[in-house]
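Structure first, commentary second.
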Amino acid sequence: MSSRPYAVIIGMMGAGKTRVGKEVAHMLRLPFIDADIEIEHEVGMKIPDYFDRYGEPAFREVEADVIADVLADFEGVFSLGGGAPMTPSTQRELASYIRHGGKVVYLDADPREAMERANRGGGRPMLNGDANARWKKLHAQRDPVFREVSNVHVHTHGLTPQGAAKKVIDMVSQRAVHVEGAAIDPYDVVIGEGAMNRLADVLGPKPAKIALIHTQPVQRHSDRARTLLRQGGYEVSDIVIPDAEPGKTITVANGIWERLGDEGFTRSDAVVGLGGGAATDLAGFVAATWMRGIRYVNCPTSLLAMVDASTGGKTGINTQQGKNLVGSFYTPAGVLADTTTLSSLPNDIFIEGLGEVAKSGFIRDPEILHILERHADELRLFDGQAFLGSPLEETVAELIERTVRVKAYHVSSDLKEKGLREFLNYGHTLGHAIEKLEHFRWRHGNAVAVGMVYAAELAHLLGYIDQDLVDYHRALLSALGLPISWNGGSFEDVLALMHRDKKARGNKLRFVVLDSIGHVVHLDNPPADAVEEAFRRIQH
Ligand SMILES: NC(=O)c1ccc[n+]([C@@H]2O[C@H](COP(=O)([O-])OP(=O)(O)OC[C@H]3O[C@@H](n4cnc5c(N)ncnc54)[C@H](O)[C@@H]3O)[C@@H](O)[C@H]2O)c1
Ligand SMILES: O=C(O)C(=O)C[C@@H](O)[C@H](O)[C@H](O)COP(=O)(O)O
């Protein structure tokens, strides 16, 4: 493909494909092509005349050829005729365009408005006869296909053409990671400004009631989610939980179960978890357990929740005995990582999230480490208020996408953590023990950073990696502003907690260690003196 369209717009007759497409092109200073106009040039007559003379099958053939040509070599906005995506060869062309990174936008307008526009001016052979009845019949046939062949679905109800164009641009610029695999209902993690606008699409038409579970510090983002949900026609129960780890308890979960019961939540209703990783862990746990599992969507608002906590289906709560000891593997219907929410994120919580980002670099994607190295100074100085529209935003979006891809890779083939998924636990064996001993006052990502240095020391002591790689852990993590040592407890206490780690088997410890960057192995039952010596080395 030499060049490809910025976006291809599809939709019903009267949806505003030409009007909105032109507006998108104008805003981005790109050229615009309307397939119908192109076809008229090609055949040298108006479409209704061509239909009359040669019939629909001949028209569809010409249309498919014109579309294939434009898709192969055009850098602008391309809008298709209403029936074009019904042609199998065009469906294949669109699928290939998407595989190469293209965006097929389904412009979904209010049916009444669309019918009114479609009837205006006549000249639509497909609407001959009772135009509204024809439109509705065609809608019933085409809507499922439009959903299938598009990868961006834009509802334009109540929007001006400019508003709809802005929405198209926002949604086209978002990134998405598709998660699928055995035992997983496929879902997307959508990343970018305005991702939360997709809430109603992801929840779908079935739920009537939504439990919007969030914490107080993200109130302004939950207000936005509530508005979007109400606009989508849902009845919203606003549920505020205690902030951070105090929200991940059985008492909090029980309070929500009681409320769902009192408010008549059924199996077809849904949960939206919005906030940091603690809130999305708890919301997922409630969704997994209410009536043995209802639909849920996560709207993560911290970096750590975007890259890790909200995306892989591990839900849970803490107990007196330790971190995440009760929970369930239960995947969300979608994750909307709206980067506008990062504008209110405090610097220290952003930096904490970099701990899990670096982890994904160490275990699988070295490019993450290169990006972190190159941008360490800007990342360490993260300022939410200056973030949106800054060059850092693109860097962070790329880090989020790459990190989610690492997560998706491990989750896809091992949702229930039989082996491969355990690699995502790099740095966590000690990390979780530190969190517990610090009564959860230490942030999770910070504890994981120290835990990775510990795992690197252990791997070095046992001959898996050389000293340079241990030093590299320390240099990179501290350049990002993450801690690399801990002095808050005795080895005996740490050891006892590491024995309660979920990777432990019987009374044998199990660690995850590197044997090179991007390559991880299990380390079962390592020698006790190495386990202790590595601990001594992180105490400086
Ligand atoms: N399920 C998983 O796979 C998984 C993965 C990693 C971490 N986790 C869990 O996630 C939790 C850590 O997540 P976290 O680091 O997000 O901590 P957190 O949920 O405690 O959030 C940290 C703080 O930031 C606030 N906050 C979040 N987003 C904000 C925003 N946009 N603006 C202002 N304040 C905001 C929160 O309210 C909280 O006060 C831990 O409980 C950890 O165990 C789970
Ligand atoms: O998704 C996973 O699997 C992980 O291990 C990701 C970790 O980064 C995350 O902290 C997770 O919450 C740890 O889970 P746990 O099972 O060790 O409690």
Side-chain angles (χ1 to χ4, degrees), residues 244-245 248 276-278 281 302-305 307-309 312 314 316-319 321-325 327 348-364 372 403 406-407 410 417 421-460 470 473-474 476-478 480-504 509-514 520 522-523 526 530-532 534-540:
E245 297 302 315
K248 275 176 68 169
D281 273 10
S302 69
L303 177 65
L304 190 139
V307 298
D308 194 355
K314 265 191 183 178
I317 53 175
N318 306 323
T319 70
Q321 286 68 34
K323 181 101 188 174
N324 300 338
L325 290 180
D348 57 331
I349 299 174
F350 176 83
I351 288 180
E352 170 216 2
L354 294 174
E356 295 283 15
V357 175
K359 174 199 78 179
S360 303
F362 282 122
I363 66 170
R364 172 120 186 122
L372 290 174
T403 308
V406 171
K407 178 103 173 180
H410 291 88
E417 204 172 17
R421 185 175 183 156
E422 283 185 331
F423 294 155
L424 289 170
N425 231 245
Y426 185 52
H428 284 62
T429 321
L430 178 70
H432 279 163
I434 293 177
E435 283 187 85
K436 174 79 174 83
L437 290 169
E438 292 286 351
H439 307 284
F440 301 115
R441 283 187 301 264
W442 258 57
R443 305 226 48 80
H444 176 74
N446 292 346
V448 169
V450 178
M452 289 191 286
V453 179
Y454 173 80
E457 288 286 9
L458 185 60
H460 174 51
V470 185
H473 276 69
R474 286 205 168 86
L476 179 67
L477 296 171
S478 50
L480 295 169
L482 287 157
I484 52 173
S485 63
W486 182 71
N487 277 302
S490 69
F491 176 67
E492 289 67 33
D493 287 347
V494 163
L495 188 63
L497 282 165
M498 292 201 300
H499 271 288
R500 277 196 225 141
D501 177 73
K502 289 190 285 307
K503 295 185 297 304
L509 289 175
R510 181 173 225 209
F511 290 90
V512 169
V513 293
L514 298 187
V520 210
H522 288 110
L523 173 61
V531 173
E532 184 162 0
F535 180 71
R536 202 188 55 69
R537 292 184 182 191
I538 56 104
Q539 285 185 300
H540 304 136

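All values derive from a computational prediction rather than experimental measurement.
Partners of Lys503 according to the side chain to side chain contact (heavy atoms under 4.5 Å, CB included) rule, which considers only residues two or more places apart in sequence or in another chain, are Glu422, Asn425, Thr429, Asp501, Arg510, Val512. When the ring pair (Phe, Tyr, Trp, His ring centres under 6.0 Å) test is applied to His522, the partners found at least two apart in sequence or on another chain are Phe423. The side chain to side chain contact (heavy atoms under 4.5 Å, CB included) test applied to Ala358 returns Phe362, Leu372, Met452, Leu477, not counting sequence neighbours. With sequence neighbours left out, the salt bridge (charged side-chain N to carboxylate O under 4.0 Å, His left out) criterion links Arg443 to Glu352. Residues forming a salt bridge (charged side-chain N to carboxylate O under 4.0 Å, His left out) with Arg536 (at least two apart in sequence, or on another chain): Glu533. Under the salt bridge (charged side-chain N to carboxylate O under 4.0 Å, His left out) criterion, Lys323 pairs with Glu245, Glu435, sequence neighbours left out. For His410, there are no ring pair (Phe, Tyr, Trp, His ring centres under 6.0 Å) partners two or more places apart in sequence or in a different chain. For Phe535, the ring pair (Phe, Tyr, Trp, His ring centres under 6.0 Å) partners are Phe491, not counting sequence neighbours. Asp493 is linked by a side chain to side chain contact (heavy atoms under 4.5 Å, CB included) to Leu437, Ser490, counting only residues two or more places apart in sequence or in another chain. Residues satisfying the salt bridge (charged side-chain N to carboxylate O under 4.0 Å, His left out) test with Glu356, not counting sequence neighbours, are Lys359. Scored by the side chain to side chain donor-acceptor pair (under 3.5 Å) test, Lys314 finds Glu417 as partners (sequence neighbours excluded). With sequence neighbours excluded, the residues that form a side chain to side chain contact (heavy atoms under 4.5 Å, CB included) with Gln321 are Thr319, Leu325, Arg500.
Here the side chains of Ile538 and Leu430 are in contact, with some heavy-atom distance below 4.5 Å. Using a 4.5 Å heavy-atom threshold, the side chains of Phe440 and Lys248 count as separate.
Closest heavy-atom contact between Met498 and Ala433: CG-CB, 4.3 Å. Contact detail for Ser302 and Ile349: the closest heavy-atom pair is CB-CG2, 4.3 Å. Counting all heavy atoms, side chain and backbone alike, Gly277 lies closest to Ala309 at CA-CB, 3.5 Å. Of all non-hydrogen atoms in Ser485 and Trp442, the two that sit nearest each other are O-CH2, 3.8 Å. Between Pro483 and Ala449, the shortest heavy-atom contact is O-CB, 3.5 Å.
Considering CD1 of Ile363 and OH of Tyr426, their distance stands at 9.5 Å, rounded to 0.5 Å. One finds the CG atom of Asn446 at 10.0 Å from the CG atom of Leu354 (value rounded to the nearest 0.5 Å).
The closest donor-acceptor contact from the side chain of Asn324 to the backbone of Asn318 lies at 3.5 Å or more, if one exists at all. Here the side chain of Asn487 pairs a donor or acceptor atom with the backbone of Gln539 at under 3.5 angstrom. Within the 3.5 Å criterion, the main-chain N or O of Leu497 finds no donor-acceptor partner in the side chain of His499. Side-chain atoms of Lys407 come within 3.5 Å of backbone atoms of Asp308 as a donor-acceptor pair (strictly under, hydrogens ignored).
Between Phe511 and Tyr454, the angle of the ring planes lies from 30° to 60°, which puts this pair in the tilted group.
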Practice problem: Take Leu482 and Ile351 through the side chain to side chain contact (heavy atoms under 4.5 Å, CB included) test and state the conclusion after the steps. | Solution: CA-CA 7 Å; Leu482 287 157; Ile351 288 180; 4.0 Å; yes
